Amino acid sequence: MQSKLPGVGTTIFTVMSQLAHDCNAINLSQGFPSFNPDPELLDLVSHHLYSGANQYAPMPGVLALREALAAQYATRHARELDPELEITVCSGATEGLYSSITAVVRPGDEVIVFDPCYDAYEPVVALSGGITRHVPLTRDEAGEFSVDWHRLQQSLSAATRLIILNFPHNPTGAILSAHDLQTLASIIRDTDIFLISDEVYEHIIFDGAVHQSLLSNNELWQRSFVISSFGKTCHATGWKIGYCIAPKELTTELRKVHQFTCFAVSTPFQHALADYIAIKPHYYQGLSAFYSKTRDYFAELLGSTRFVLTPTKSTFFQIVDYSAISHNVDTEFASQMTRDQGVASIPISVFYDAPPPQNLLRFCFAKDDATLEQAVDNLCKL
Ligand code: PMP
Ligand code: GLN
């Protein structure tokens with residue numbers, strides 16, 4: 001059969017997690033926590049499972065959950081959302097991304113992404129007949145990544161239909177400032193370009209920085225699909241409960257796809273999350289402090305290795321440079337390290353179009369101290 005996605009193989013997250021499994025290695029590759037969700041949330045899931053909430057949820061999501069999210073975003077970003085018409089519960093952020101990209105992109109449309117780029121965007125653009133244009137983030141002397149807005153501006157064309165943003169950024173931890181949002185607004189002001197903002201790490205941001213959601217900017221919000229997920233926030237990546245927030249006209253188009261992608265999302269989990277937010281409306285507030293400690297501890301441990309660290313401003317990922325250890329390409333080095341040192345990571349070059357840096361790996365530090373200690377013990381031998 002002639003493939004619709006000839007250049008696409010198996011996602012790096014599956015490849016590296018499988019290799020970690022096969023080698024019995026410590027898996028710091030795919031991003032998932034080693035912690036369980038709050039027992040109170042688990043009890044609520046169990047309650048709803050045994051109380052009969054086991055049939056189809058409404059297509060746009062359980063209304064109580066959408067109302068709880070509307071209340072949260074009104075407080076955090078001063079944005080009054082209509083839970084009926086502007087919030088859709090999706091099967092993880094992944095489905096929200098798929099449905100929004102598919103709703104917007106037509107054959108021949110150009111879509112801009114920032115490299116290193118999370119791998120779930122470009123294949124969906126291709127399935128819709130769109131063309132992805134890659135704008136690399138710039139890297140300063142400290143190794144920190146940021147958006148070069150001038151370069152973005154130069155990449156726009158009459159065919160540009162969509163820009164996909166992902167801040168807090170996976171894999172680099174880069175974040176946007178309020179000034180960045182204003183710059184973006186001024187660049188696209190006289191265009192019809194849509195925005196998709198993947199904000200799944202919105203609650204994991206360090207050193208007192210504040211997450212700048214596209215929802216918080218009046219001008220950008222009018223043309224945005226803002227996507228998030230409970231996976232990272234609730235230590236529940238396996239539940240695949242995400243959501244997409246967009247103005248009414250955009251939500252209407254999103255739901256035309258969503259209803260035939262998965263129709264509706266797991267009912268008991270939605271009810272449990274709605275109750276949980278009602279009981280603990282600030283459930284997400286301790287997350288940045290929690291991961292900030294883990295980030296610092298992991299960085300301290302890595303201090304006794306030959307890796308050079310890029311400061312991490314958000315997410316639960318640490319980028320390291322291994323030039324002092326090897327000149328092998330990163331895909332090979334990551335595989336070899338999984339086999340020989342028993343620690344799996346993600347090679348960064350796979351998130352680039354061209355030319356990728358060849359000496360960077362990503363570690364996920366959302367793990368208990370003992371796991372991180374054991375991993376770094378192994379890495380010290382390099
Ligand atoms: N976008 C980014 C940037 C991610 O890192 C992830 C993984 N959490 C996703 C989307 C997918 O989220 P979900 O597991 O909710 O589909
Ligand atoms: N978002 C996760 C990561 O960056 C992976 C999710 C997946 O495996 N699809 O590691």
Side-chain angles (χ1 to χ4, degrees), residues 8-21 26-35 37 61 65 69 88-101 113-125 137 145 164-176 196-205 211 213-214 225-245 258 261-262 265-266 269-270 273 284 287 291 312-319 334 338 344-348 350-351 360-367:
V8 175
T10 302
T11 166
I12 191 69
F13 305 114
T14 296
V15 169
M16 293 311 297
S17 274
Q18 183 64 48
L19 187 63
H21 177 265
I26 299 170
N27 190 359
L28 305 188
S29 65
Q30 192 180 26
F32 60 90
S34 67
F35 324 108
L65 179 56
L69 287 167
T88 308
V89 181
C90 296
S91 180
T94 308
E95 189 259 318
L97 289 160
Y98 181 91
S99 296
S100 54
I101 295 170
V113 301
F114 296 96
D115 283 358
C117 178
Y118 186 62
D119 70 350
Y121 312 146
E122 183 162 6
V124 187
V125 172
L137 296 180
F145 293 82
I164 304 180
L165 299 115
N166 165 218
F167 298 95
H169 185 255
N170 177 9
T172 68
I175 55 176
L176 294 183
I196 291 179
S197 184
D198 177 348
E199 302 186 7
V200 300
Y201 299 99
E202 60 181 325
H203 297 300
I204 310 178
I205 183 159
H211 169 55
S213 174
L214 263 61
F225 297 81
V226 175
I227 291 169
S228 193
S229 168
F230 290 101
K232 312 292 174 176
T233 309
C234 293
H235 306 319
T237 59
W239 292 6
K240 300 299 291 183
I241 313 282
Y243 50 92
C244 178
I245 302 176
H258 164 79
T261 306
C262 67
V265 174
S266 176
F269 289 95
Q270 290 192 65
L273 284 162
Y284 53 85
L287 205 60
Y291 277 124
T312 295
K313 292 180 178 161
S314 66
T315 75
F316 44 52
F317 301 120
Q318 174 67 59
I319 299 260
T338 309
S345 60
I346 297 287
I348 293 300
V350 302
F351 301 128
L360 301 180
L361 300 177
R362 188 198 80 176
F363 289 120
C364 169
F365 58 74
K367 308 291 172 193

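When a ligand or atom number is given, it counts from 1 through the structure's own listing order. These figures come from a predicted structure and were not determined experimentally. Side chains included, hydrogens not; waters and symmetry mates left out as well; all remaining heavy atoms used.
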Can you label the angle between the H235 ring and the Y291 ring as parallel, tilted or perpendicular, going by 30° and 60°?
perpendicular
Any I241 side-chain heavy atom under 4.5 Å of V265 side chain:
yes
Contact check, side chains of S213 and V226, non-hydrogen atoms, under 4.5 Å
yes
Can the ring centroids of Y201 and F317 be said to lie less than 6.0 angstrom from one another?
yes
Give the protein residues with at least one non-hydrogen atom closer than 4.0 Å to an atom of ligand 2, ordered by chain and number.
F13, Q30, G31, Y118, N170, Y201, K232, F317, R362
By ring-ring contact (aromatic ring centres under 6.0 Å, His included) - contacts of Y284 (at least two apart)
H203
Give a yes/no verdict on a cation-pi contact between K367 and F32, requiring under 6.0 Å between NZ or CZ and the six-membered ring centre and an angle within 45° of the axis.
yes
Quick one: does L214's side chain get under 4.5 Å of E199's, heavy atoms only?
yes
List the residues meeting ring-ring contact (aromatic ring centres under 6.0 Å, His included) with Y118, not counting sequence neighbours, and say none if there are none.
F13, Y121
Flag side-chain contact, heavy atom, 4.5 Å: P37 against F230
no
Which atom pairs, nitrogen or oxygen on both sides, join ligand 1 and the protein at under 3.5 angstrom?
unit_1	atom_1	unit_2	atom_2	d
ligand 1	1 (N)	D198	OD1	3.3
ligand 1	1 (N)	D198	OD2	2.5
ligand 1	5 (O)	N170	ND2	2.8
ligand 1	5 (O)	Y201	OH	2.6
ligand 1	8 (N)	K232	NZ	2.8
ligand 1	14 (O)	K240	NZ	3.1
ligand 1	15 (O)	A93	N	2.8
ligand 1	15 (O)	S229	OG	2.7
ligand 1	16 (O)	A93	N	3.1
ligand 1	16 (O)	T94	N	2.9
ligand 1	16 (O)	T94	OG1	2.5
ligand 1	16 (O)	K240	NZ	2.7

